[in-house]
Engineer: 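I am attaching a structure below and will ask some questions about it afterwards.
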Amino acid sequence: MAKDTYFPICLRMKGRLCTVVGGGSVAERKIRSLMDTDARIKVIAPRWTPAITKWIDEGLVLGESRVYRDGDLKGSFIVYASTDVPSVNEQVCLEAEQEGMMFNRSDQADTGDWVDPAVVRRGQLAITVSTGGASPGMAKAIQCELQQEYGPEFEEALDWLAGLRVTLKETLADPRDRQRILKELWTEDTIDQIRNGELHKLKQKIAVALEPGGK
Ligand SMILES: C[C@@]1(CC(=O)O)c2cc3[nH]c(cc4nc(cc5[nH]c(cc(n2)[C@H]1CCC(=O)O)[C@@](C)(CC(=O)O)[C@@H]5CCC(=O)O)C(CC(=O)O)=C4CCC(=O)O)c(CCC(=O)O)c3CC(=O)O
Ligand SMILES: NC(=O)C1=CN([C@@H]2O[C@H](COP(=O)(O)OP(=O)(O)OC[C@H]3O[C@@H](n4cnc5c(N)ncnc54)[C@H](O)[C@@H]3O)[C@@H](O)[C@H]2O)C=CC1
């Protein structure tokens, strides 16, 4: 049978309620990932890991210390069914489906609305890897490689690029002018220059392009 092809998008999570049912190592990983965003996070489980306990104590996560009950998902934007009991996960997914909420089922790759990718974050840069459930181990291995290849210098470079874009929008009225200048940046060696911490070389390219009569 043909495999599903998943559609990658980046969701805006600010203020949205995400409910995680289950409090084990998988739930912990899902919550850790949600905590990179400004989502509101609720976890429902009779027992949870020390890391989850700490987040609840710190007020970063709302904890309901009990088994899942029908109706628990009220108000959720997205839902994780992440217990180690398949019949419970099934119930959670059923409620989510009835309520029209998107859900992820941790114990079944091909059930649910999405699968989580492995992510490397460098500030606003998010590099995601997905094998669509075929091999989470491979996704993780590629994530480890990308972590080495794309270090913290990419966060700094992206901050600068974002600022540059804002400035150009403010100072150059014609979008074609902005595009011409920004295209000058992206030559074969730009990524290596960022990697080598040579942001000044990017700044130089922009300065040249901005000169009167510049390229
Ligand atoms: C479908 C998916 C659903 C979902 O969770 O969204 C899913 C499902 C399952 N994972 C299983 C096993 C493992 N998962 C990991 C690791 C990660 N799993 C993640 C995502 C996903 N896992 C989604 C698909 C992603 C994709 O394919 O690209 C990552 C990328 C992100 C994250 O979880 O946030 C995170 C790595 C990144 C990180 O750590 O940051 C490891 C490796 C390890 O832990 O070292 C193992 C053991 C090795 C192995 O099996 O390869 C099992 C089998 C359980 C069993 O055998 O019983 C199932 C259930 C099934 O296959 O049905
Ligand atoms: N998506 C992924 O990356 C992976 C998924 N899995 C799958 O995810 C499942 C969970 O894995 P772990 O977190 O390692 O299990 P775990 O055993 O560490 O944690 C299970 C959690 O579910 C809670 N729970 C049990 N019954 C519940 C109920 N009725 N209501 C609410 N919470 C309940 C437990 O209190 C516990 O917090 C595994 O069974 C496996 O099938 C496993 C490895 C990776």
Side-chain angles (χ1 to χ4, degrees), residues 1-11 13 16-37 39 41-57 60-74 76-97 99 101-123 125-151:
M1 198 181 69
K3 298 282 177 202
D4 288 332
T5 302
Y6 290 85
F7 183 63
I9 55 171
C10 296
L11 285 178
M13 301 301 281
R16 289 175 159 162
L17 178 64
C18 305
T19 302
V20 180
V21 184
S25 55
V26 171
E28 179 183 316
R29 205 167 60 233
K30 305 303 183 190
I31 294 169
R32 194 187 298 278
S33 190
L34 287 169
M35 284 169 66
D36 287 335
T37 75
I41 307 163
K42 180 153 108 178
V43 57
I44 301 165
R47 46 179 190 86
W48 34 59
T49 66
I52 299 177
T53 308
K54 186 167 165 278
W55 296 327
I56 293 169
D57 289 347
L60 300 172
V61 171
L62 193 71
E64 300 270 3
S65 174
R66 54 172 177 74
V67 296
Y68 160 79
R69 295 195 292 250
D70 193 41
D72 271 345
L73 309 181
K74 207 166 179 292
S76 304
F77 175 55
I78 61 168
V79 173
Y80 281 98
S82 300
T83 80
D84 57 339
V85 187
S87 60
V88 175
N89 290 345
E90 175 95 39
Q91 278 307 115
V92 173
C93 293
L94 208 63
E95 183 187 342
E97 192 159 34
E99 296 297 323
M101 296 159 181
M102 290 214 301
F103 60 92
N104 168 290
R105 184 166 170 175
S106 298
D107 62 337
Q108 269 183 30
D110 51 1
T111 310
D113 292 305
W114 80 92
V115 294
D116 280 326
V119 186
V120 177
R121 280 190 192 274
R122 300 287 178 244
L125 173 67
I127 312 174
T128 58
V129 185
S130 176
T131 70
S135 172
M138 179 193 260
K140 189 173 178 177
I142 294 175
Q143 173 195 41
C144 288
E145 271 200 12
L146 291 171
Q147 248 152 5
Q148 303 303 315
E149 282 176 41
Y150 294 86

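Note that ligands are numbered from 1 as they come in the structure, with each ligand's atoms numbered from 1 the same way. Scope of the values below: all heavy atoms of this structure, side chains included, with no hydrogens, waters or symmetry mates.
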Engineer: Does Leu34 reach the side chain of Asp36, with side-chain heavy atoms less than 4.5 Å apart?
Structural biologist: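 No - every pair of side-chain heavy atoms lies 4.5 Å or more apart.
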Engineer: When you measure from the side chain of Ser33 to the backbone of Lys30, do you find a donor-acceptor pair of N or O atoms at a distance under 3.5 Å?
Structural biologist: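 A pair under 3.5 Å: no.
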Engineer: Counting C-beta onward and ignoring hydrogens, is there a side-chain heavy-atom pair between Val21 and Ser82 closer than 4.5 Å?
Structural biologist: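 Result no, sub-4.5 Å side-chain heavy-atom pair not found.
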Engineer: Just to be sure I understand the cut-off, which residues have at least one non-hydrogen atom under 4.0 angstrom from an atom of ligand 1?
Structural biologist: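 Residues near ligand 1: Arg29, Lys30, Asn104, Ser106, Asp107, Gln108, Ala109, Val115, Asp116, Pro117, Ala118, Ser130, Thr131, Gly132, Gly133, Ala134, Pro136, Gly137, Ala139, Lys140, Gln143.
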Engineer: Mind checking whether Val85 contacts ligand 2 via backbone (N, CA, C, O), side chain (CB onward), both or neither, at a 4.0 Å heavy-atom cut-off?
Structural biologist: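 Under 4.0 Å from ligand 2, Val85 contributes side-chain atoms alone.
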Engineer: Is there side-chain contact between Glu95 and Tyr68, with heavy atoms separated by less than 4.5 Å?
Structural biologist: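 Yes, their side chains come closer than 4.5 Å.
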Engineer: Looking at atom 1 (N) of ligand 2, what's its closest protein heavy atom, distance included?
Structural biologist: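 Answer for atom 1 (N) of ligand 2: Ser106 O, 3.2 Å.
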Engineer: Between ligand 2 and Arg29, can you find any atom pair, the residue atom being a heavy atom, that is separated by under 4.0 Å?
Structural biologist: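 Contact present.
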Engineer: Arg47 to ligand 2: N or O pair under 3.5 Å?
Structural biologist: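 It does: an N or O of Arg47 is found under 3.5 Å from an N or O of ligand 2.
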Engineer: Using a 3.5 Å cut-off on N or O atoms only, is Ser25 in polar contact with ligand 2?
Structural biologist: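 The answer is yes, given that Ser25 and ligand 2 share an N or O pair closer than 3.5 Å.
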Engineer: Mind checking whether Met13 and Ile78 have side chains closer than 4.5 Å, heavy atoms only?
Structural biologist: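 Touching, per the 4.5 Å side-chain cut-off.
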Engineer: Any non-hydrogen side-chain atom of Pro46 less than 4.5 Å from a side-chain atom of Val67?
Structural biologist: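 When only atoms from C-beta onward are counted, Val67 and Pro46 do touch, with a gap below 4.5 Å.
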Engineer: Among all protein heavy atoms, pick the one closest to atom 32 (N) of ligand 2 and tell me residue, atom and distance.
Structural biologist: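 Ranking protein heavy atoms by distance from atom 32 (N) of ligand 2, first comes Pro46 CD, 3.4 Å.
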Engineer: Can you tell me which residue and heavy atom of the protein come closest to atom 39 (O) of ligand 2, and the distance to 0.1 Å?
Structural biologist: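 For atom 39 (O) of ligand 2, the nearest protein heavy atom comes out as Asp84 CA, 3.5 Å.
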Engineer: Does the N or O separation between Arg66 and ligand 2 drop below 3.5 Å for any pair?
Structural biologist: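 Looking only at distances, the answer is no, because the N/O contact criterion of under 3.5 Å is not met.
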Engineer: Is any side-chain heavy atom of Val20 closer than 4.5 Å to one of Lys42?
Structural biologist: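 Side-chain contact under 4.5 Å: no.
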Engineer: Just to be sure I'm reading this right: ignoring hydrogens, which of Val92, Asp116, Val43, Thr83 gets closest to atom 27 (C) of ligand 2? Compare them by their nearest heavy atoms.
Structural biologist: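 Comparing heavy atoms across Val92, Asp116, Val43, Thr83, the nearest one to atom 27 (C) of ligand 2 lies in Thr83.
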Engineer: Would you tell me which option among Asn89, Val88, Val21, Asp107 has the nearest heavy-atom contact to atom 28 (C) of ligand 2?
Structural biologist: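 Going through Asn89, Val88, Val21, Asp107 one by one, Val88 has the nearest heavy atom to atom 28 (C) of ligand 2.
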Engineer: Is there a nitrogen or oxygen of Ala45 sitting under 3.5 Å from a nitrogen or oxygen of ligand 2?
Structural biologist: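 No, no N or O pair falls under 3.5 Å.
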Engineer: Just need the protein heavy atom nearest to atom 19 (O) of ligand 2, so name the residue and atom and give the distance.
Structural biologist: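 In this structure, atom 19 (O) of ligand 2 has Gly24 CA, 3.2 Å as its nearest protein heavy atom.
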Engineer: For the residue pair Asp116 / Trp114, report whether a side-chain donor-acceptor contact shorter than 3.5 Å exists.
Structural biologist: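 A donor-acceptor contact under 3.5 Å links the two side chains.
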Engineer: Are Trp55 and Glu28 side-chain neighbours, meaning at least one heavy-atom pair lies under 4.5 Å?
Structural biologist: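 They are in side-chain contact.
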Engineer: In the protein, what heavy atom is nearest to atom 30 (N) of ligand 2, and what distance, to one decimal place, separates them?
Structural biologist: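 Looking only at protein heavy atoms, the one closest to atom 30 (N) of ligand 2 is Tyr68 N, 2.9 Å.
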Engineer: Check whether more than 12 heavy atoms from other residues, nucleotides or ligands sit under 6.0 Å from atom CE of Met138, and answer yes or no.
Structural biologist: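 It does not: Met138 CE has 12 such atoms or fewer within range.
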Engineer: Take Val92 and Leu73 through the side chain to side chain contact (heavy atoms under 4.5 Å, CB included) test and state the conclusion after the steps.
Structural biologist: CA-CA 8 Å; Val92 173; Leu73 309 181; 4.2 Å; yes
Engineer: Is a donor on one side and an acceptor on the other found under 3.5 Å between the side chain of Asn89 and the backbone of Thr83?
Structural biologist: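 The answer is yes, because a donor-acceptor pair under 3.5 Å joins these two groups.
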Engineer: To check your reading of the model: name the closest protein heavy atom to atom 44 (C) of ligand 2, its residue, and the distance in Å.
Structural biologist: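 Nearest neighbour among protein heavy atoms for atom 44 (C) of ligand 2, to 0.1 Å: Val26 CG2, 3.6 Å.
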Engineer: Can you sort out which atoms of ligand 2 are near Ile44, meaning under 4.0 Å from one of its heavy atoms?
Structural biologist: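 With Ile44 as reference, the close atoms of ligand 2 come out as 31 (C), 32 (N).
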Engineer: Take Glu90 and Arg105 through the salt bridge (charged side-chain N to carboxylate O under 4.0 Å, His left out) test and state the conclusion after the steps.
Structural biologist: CA-CA 8 Å; Glu90 175 95 39; Arg105 184 166 170 175; 3.5 Å; yes
Engineer: Which atoms from ligand 2 have a heavy atom of Gly22 less than 4.0 Å away?
Structural biologist: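 So the atoms of ligand 2 that pass are 22 (O), 23 (C), 32 (N).
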Engineer: Quick check: do Ile44 and Arg66 have side-chain heavy atoms less than 4.5 Å from each other?
Structural biologist: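 Result yes, sub-4.5 Å side-chain heavy-atom pair found.
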